[in-house]
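Hydrogens, waters and symmetry mates play no part in the numbers below; they use all other heavy atoms, side chains included. Values in this document were obtained by computation on a predicted structure and should not be read as measured data. Counting convention: from 1, in listed order, for ligands and their atoms alike.
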Amino acid sequence: MQDINPEHIRVDPYLSPLFVEKGITADILRLDLLHPIVSGNKWFKLRYYIEQAQEQNKKSLVTFGGAWSNHIHATAAAGKLAGLKTIGIIRGEAPAGLSTTLLQAAEMGMQLHFVSRAAYRQKKMPDQIDLSEALLIPEGGYSLTGARGAATIMDLINPDDYTHICCAVGSGTMLAGLINACGKHQQVMGISALKNNHSLEKAVSDLLINATTTPYIVHDYHFGGFAKHNSLLLDFMNELYRQTGIPTDIVYTGKLCFAAYDLAGKNYFPPGSKILLIHSGGLQGNRSLPNGSLIF
Ligand SMILES: *Cc1c(COP(=O)(O)O)cnc(C)c1O
């Protein structure tokens, strides 16, 4: 498998007549270009776990996720690249046919263990898993270690070039890392991919270095819930691709870009704002769509 190369990451302008009209600019940080498989923010969240596993001579990484989890997919790939075994505890009983995500994870050598939703919620470890030489990674990489890795996303740019940094939010690990890495003069804004997940503010706060900062999370752009989508979103993603050549995903980055565009239309960003949208990857999730839904 090809090596991970942060040099592939670049900033692309998101040019749109709306932004010109509002006197603002937007750029997109293309973490999706990091690697064809280990794309996006997941590698940043995993990097210090992998370092830790190597320092402690662990043989494997054990983590949790659902059937379409980008985190499972990225852990399988990153583990393989690092020469570590990977074990995925997967939510729900084993289906008759595996999702593309899980098939690829298995191809990359990940051992999959399916557990009932109830057992998954309790993060119960299946008995047959030997943890003696394993490093346990929480679901979504959520911890101070994950946030510390996500903070290094900001090393890729000059933060002073931007007034607003916007990212999609799942577990909140990336948002916490970005807030920790940003100056006070910047607004870091998270767009939640989940419906009414109001435990997020606390989850993000728990990972902040400066406890007085309040995370800013917008909850209005979930499109009905996690991974839910409609033609409005798909049309927007296709139009964005036509305008910029940038592909986005239905779970996170499509909703992020839609939110930024919609908020700009509602004059949320004062004239002169320089917005950076973090393209956190996740394109593999689009394979859950029927063929032909997207033009890319
Ligand atoms: C996992 C993921 C996120 C959310 O990151 P968290 O740190 O869990 O909030 C955002 N975008 C993409 C593409 C992801 O795969």
Side-chain angles (χ1 to χ4, degrees), residues 9 28-49 63-78 88 99 101 104-105 137-154 165-181 188-195 197-208 215-219 221-223 226-227 229 233 237 246-260 276-288:
I9 295 170
I28 300 187
L29 179 63
R30 300 287 310 276
L31 303 185
D32 58 310
L33 298 174
L34 177 67
H35 187 272
I37 298 170
V38 200
S39 95
N41 69 346
K42 293 297 180 280
W43 177 74
F44 288 90
K45 293 199 288 175
L46 286 170
R47 65 192 299 181
Y48 293 128
Y49 286 108
T63 196
F64 304 84
W68 293 99
S69 162
N70 294 332
H71 170 69
I72 285 289
H73 197 256
T75 304
S99 66
T101 305
Q104 280 202 351
I137 303 179
E139 183 177 31
Y142 175 86
S143 78
L144 290 169
T145 307
R148 199 158 53 82
T152 65
I153 292 172
M154 294 308 287
I165 314 274
C166 307
C167 74
V169 179
S171 68
T173 315
M174 169 168 57
L175 178 63
L178 296 177
I179 295 173
N180 286 338
V188 186
M189 175 164 82
I191 307 295
S192 176
L194 293 104
K195 185 176 177 177
N197 182 9
H198 294 290
S199 56
L200 267 178
E201 277 78 1
K202 163 108 174 57
V204 174
S205 292
D206 286 349
L207 300 183
L208 296 184
Y216 185 60
I217 302 173
V218 179
H219 294 274
Y221 295 97
H222 53 72
F223 284 83
F226 188 69
H229 50 85
L233 180 67
M237 288 164 60
I246 301 175
T248 48
D249 80 289
I250 50 169
V251 182
Y252 295 105
T253 57
K255 293 177 184 179
L256 166 70
C257 293
F258 185 97
L276 181 70
L277 303 175
I278 311 286
H279 191 320
S280 37
L283 297 170
Q284 63 98 19
N286 286 344
R287 292 180 306 195
S288 65

Polar side chain donor-acceptor pair, Ser39 to Gln284, under 3.5 angstrom: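 No, no side-chain donor-acceptor contact under 3.5 Å.
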Distance-only polar pair, side chains of Tyr49 and Ser143, donor-acceptor under 3.5 Å: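 Present: a donor and an acceptor within the cut-off.
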Ligand 1: which protein N/O atoms lie under 3.5 Å from its N/O atoms?
residue: ligand 1; atom: 5 (O); partner: Asn41; partner atom: ND2; Å: 3.1
residue: ligand 1; atom: 7 (O); partner: Lys45; partner atom: NZ; Å: 2.8
residue: ligand 1; atom: 7 (O); partner: Thr173; partner atom: N; Å: 3.3
residue: ligand 1; atom: 7 (O); partner: Met174; partner atom: N; Å: 2.8
residue: ligand 1; atom: 8 (O); partner: Lys45; partner atom: NZ; Å: 3.0
residue: ligand 1; atom: 8 (O); partner: Ser171; partner atom: N; Å: 2.8
residue: ligand 1; atom: 8 (O); partner: Ser171; partner atom: OG; Å: 2.6
residue: ligand 1; atom: 9 (O); partner: Gly170; partner atom: N; Å: 2.7
residue: ligand 1; atom: 9 (O); partner: Ser171; partner atom: N; Å: 3.1
residue: ligand 1; atom: 9 (O); partner: Gly172; partner atom: N; Å: 2.8
residue: ligand 1; atom: 11 (N); partner: Ser280; partner atom: OG; Å: 2.7
residue: ligand 1; atom: 15 (O); partner: Lys42; partner atom: NZ; Å: 2.7
residue: ligand 1; atom: 15 (O); partner: Asn70; partner atom: ND2; Å: 2.7

Plane angle bin for Phe223 and Phe258 - parallel if under 30°, tilted between 30 and 60°, otherwise perpendicular: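 Rings of Phe258 and Phe223: perpendicular, over 60°.
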Who pairs with [X] by ring-ring contact (aromatic ring centres under 6.0 Å, His included), at least two apart in sequence or on another chain?
X      : answer
Phe44  : none
Tyr221 : none
Phe226 : Tyr252

